[in-house]
Amino acid sequence: MIDLKLLQKDFDAVSMALSRKKVDATLIEALKEKNEALKTAKSSYERAQAAQNEMSKQFGLYKKEGKDTAQLKTTLDANKSQITLFLDQQREAEAALDALSMNIPNIPDADVPEGQSDEDNVELRRVLEPRHFDFTPKEHWELAEQNGWIDFERGVKVAKSRFSVSYDMGARLERALINFMLDFNRARGFTEVSVPSLVNRRTLEGTGQLPKFEDDLFKIEGEELFLIPTAEVPLTNLYQDEILEAESLPLLMTGYTSCFRKEAGSAGRDTRGMIRQHQFHKVELVAITTQEQSEAVFVQMVQCASDLLGALELPHRLMQLCGGDLGFSAARTIDLEVWLPGQNCYREISSISNTRDFQARRARIRYKDGGKNMLAHTLNGSSLAVGRTMVAIMENFQNGDGSITLPSVLNSYL
RNA sequence: AGACAGGUGGCCGAGUGGUCGAAGGCGCACGCCUGGAACGCGUGUGUAGGGAAACCUACCGAGAGUUCGAAUCUCUUCCUGUCUGCCA
């Protein structure tokens, strides 16, 4: 949630910043109005309630002293109906404000580049030269099937489209990658955490998936539980409603989970292969920091993911997302795109975001700083999507005969 | 899943309709005491919103209700414990 006080204080700046994220100015205007309306309703209610409390005390004293309470009761009853009225107004205003504010995305950082779509993202740097092939590199689904690593048909049979099954070396590579990534992150100070794959509504609101993106989530019938779309959701919300000690920050966590996404708006995109699946594996990085620490931790997380790709000898580039391509909760994001020789292009394999205090405000994650409670900063990033990493390995390490020579760092994991 | 018992401040724990944001204790902070410490004594010690401030409002798991007035009464719900059932 954005800072409503900031909105009140500097409407133009907030409005301007949000327009870079394609938020309509009238929406922000409405937000400001609702906020004012709520304050008015609230102060009316509180004034009436204060009078009621005072008179109720009187009432008690009268009773004790045996005085006549009939007249006081009439005044109280009249005031009570006022209170009910004001309270209704307050609740109405609150509901309206909530409905609006929970659907407003985060304000991008000042230095986020202008732009509408991923075409306007800015390339920061490239790491490792793509290898030269003296044959035409194949796409990963061809290699996966040829090597018997992935079975696309049987996944569809037991579930539905966009589900697949890994076999033999495919399954083992998956497991090896997960272990390798977790160990890699652990060595860089991230604590390994294993979390639930089902979470409640409150938790998804905390990180910003709800209320706006319910269509993208798998929901358990008859329960208020959803399958997580990323480990970011349970990991970040581990500390919801908590006030942490500043000295205990930053909290650095890494966790492996399956991720589940409906891919509601992606009909027809990446239908072939394992780039876009309803279920995929991912190792995630999450950090909870003080406001001063978050920038440095962000850089650290980006470096961690880039180094991981480096260790796997996968050529990639770092892209800073423009305002229009930024996700709902993010103030700044750097995507890591891995080189796929089969597709002859760079594809997103990791996305690292600083949400600043946006999620912390929703999830009420705070820390004590010299007796004062401050909103924490939360950051998240994939330490690589496992499926896409397998795609990248297959395409980059393929030989002319379709066989695959795996990167040597994985030797001890296979 | 069924039966019973509970959910109160950082922690323990009192409070069954009024002046209770909540006794008492522990912990913590500051001061006194001391050569220094312990002990002892004193003061203070939740969160959120509004206000320049005085101060006001809300919060005793959550939500709704009864009442002039609810931590206290009623209903719903969530969570925890114990026993029974089921199960990796």
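In what follows, chains are A, B, ... by sequence order, proteins preceding strands, each numbered from 1.
The distance between atom CG of A:Leu72 and atom P of B:G69, rounded to the nearest whole Å, is 12 Å. Rounded to an integer number of Å, the gap from A:Asn35 CG to B:G49 C1' is 12 Å. The distance from atom CD1 of A:Ile83 to atom P of B:C68 is 12 Å, rounded to the nearest whole Å. One atom, NZ of A:Lys80, and another, C1' of B:A70, lie 11 Å apart when rounded to the nearest Å. As rounded to whole Å, 18 Å separates atom P of B:U47 from atom CZ of A:Arg361. For A:Phe86 and B:A58, the CZ to C1' distance is 18 Å, given to the nearest whole Å. The separation between A:Asp77 atom CG and B:G69 atom C1' is 12 Å, rounded to whole Å. Remark: C1' of B:U47 and CG of A:Leu375 are 13 Å apart, rounded to the nearest angstrom.
A:Lys372 has no carboxylate O lying under 4.0 Å from a charged side-chain N of A:Asp369, or vice versa, which leaves the two without a salt bridge.
B:G15 and B:A88: their P atoms are spaced 45 Å apart (whole Å). Annotation: B:C75 and B:G25 have their C1' atoms spaced 36 Å apart (nearest Å). Look at the C1' atom in both B:C11 and B:A62: the space between them is 23 Å, to the nearest Å. Remark: the separation of the C1' atoms in B:C28 and B:G9 is 14 Å, to the nearest Å. Using P as the reference atom, B:G27 and B:U77 are 42 Å apart when rounded to the nearest Å. For the P atom pair drawn from B:A70 and B:G17, the interatomic distance equals 14 Å after rounding to whole Å. Comparing B:A48 with B:G10, their P atoms sit 11 Å apart, to the nearest whole Å. Between B:C68 and B:C12, the two C1' atoms lie 36 Å apart (nearest whole Å).
With a cut-off of 3.5 Å on both pairing distances, the Watson-Crick or G-U wobble partner of B:A3 is B:U82. Remark: B:U43 base-pairs with B:A29. Criterion, Watson-Crick or G-U wobble with two distances under 3.5 Å. Here B:A70 sits opposite no nucleotide as a Watson-Crick or G-U wobble pair (both hydrogen-bonding atom distances under 3.5 Å). Across every strand in view, B:G36 sits unpaired, with no contact that passes the Watson-Crick or G-U test at under 3.5 angstrom. Of all nucleotides present, none satisfies the Watson-Crick or G-U wobble test against B:A88 with each distance under 3.5 Å. Across all strands shown, B:C75 is found opposite B:G63 as a Watson-Crick or G-U wobble partner, with both distances under 3.5 Å. Pair assignment for B:G9 gives none, since no Watson-Crick or G-U wobble pairing has each distance under 3.5 Å. Across all strands shown, B:C55 forms a Watson-Crick or G-U wobble pair with B:G50, both key distances being under 3.5 Å.
Taking every side-chain heavy atom of A:Tyr45 into account, B:U57 is the closest of B:G50, B:U19, B:U57. For A:Lys368, taking side-chain heavy atoms from C-beta onward, the closest of the listed nucleotides B:G69, B:G50, B:U47 is B:U47. Counting only heavy atoms from C-beta on, A:Arg366 has its side chain closest to B:A48 among B:G18, B:A48, B:G50. Side-chain proximity of A:Glu46 to B:G69, B:U57, B:U47: nearest is B:U57. Here the side chain of A:Ala50 is nearest to one of B:U47, B:U57, B:C68, namely B:U57.
No donor-acceptor contact under 3.5 Å links the side chain of A:Lys73 to the base of B:U67.
Open room surrounds CD on A:Gln71; 12 or fewer heavy atoms of other groups in view lie less than 6.0 Å from it.
At the heavy-atom level, A:Gln58 lies nowhere under 4.0 Å from the strands shown. If you check every strand for non-hydrogen atoms under 4.0 Å, A:Lys42 touches sugar and phosphate atoms only. Residue A:Lys57 is classed as having no contact, given no heavy-atom separation below 4.0 Å to the nucleic acid.
Along RNA chain B, the nucleotide closest to A:Lys63 and the one closest to A:Lys5 are compared, and the more 5′ of them pairs with A:Lys63. When each of A:Asn373 and A:Gln49 is assigned the nucleotide of RNA chain B bearing its nearest heavy atom, the one mapping closer to the 5' terminus is A:Asn373.
Dashed line: the shortest gap from a side-chain N or O of A:Arg91 to OP1 or OP2 of B:A64 is under 4.0 Å. In this model, the phosphate group of B:G69 is not approached by any side-chain N or O of A:Asn53 to a distance below 4.0 Å at OP1 or OP2.
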Quick one, A:Met374 with A:Arg366, criterion side-chain contact (heavy atoms from CB on, under 4.5 Å). Give me CA distance, side-chain angles, the key distance, then yes/no. CA-CA 5 Å; A:Met374 309 290 287; A:Arg366 291 166 296 174; over 6 Å; no
Walk me through whether A:Asn354 and A:Thr333 qualify under side-chain contact (heavy atoms from CB on, under 4.5 Å). CA-CA 7 Å; A:Asn354 188 347; A:Thr333 297; over 6 Å; no
Test side-chain contact (heavy atoms from CB on, under 4.5 Å) on A:Thr203 and A:Gln240; report intermediate values, then the result. CA-CA 8 Å; A:Thr203 292; A:Gln240 70 179 215; 3.6 Å; yes
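In this pair, A:Phe163 and A:Phe218 present their aromatic rings tilted. The plane angle is within the 30 to 60° band.
The ring of A:Phe213 has its center closer than 6.0 angstrom to the ring center of A:Phe328.
Side-chain contact check for A:Asn179 and A:Tyr256: no donor-acceptor pair (N or O, by modelled atom type) lies under 3.5 Å.
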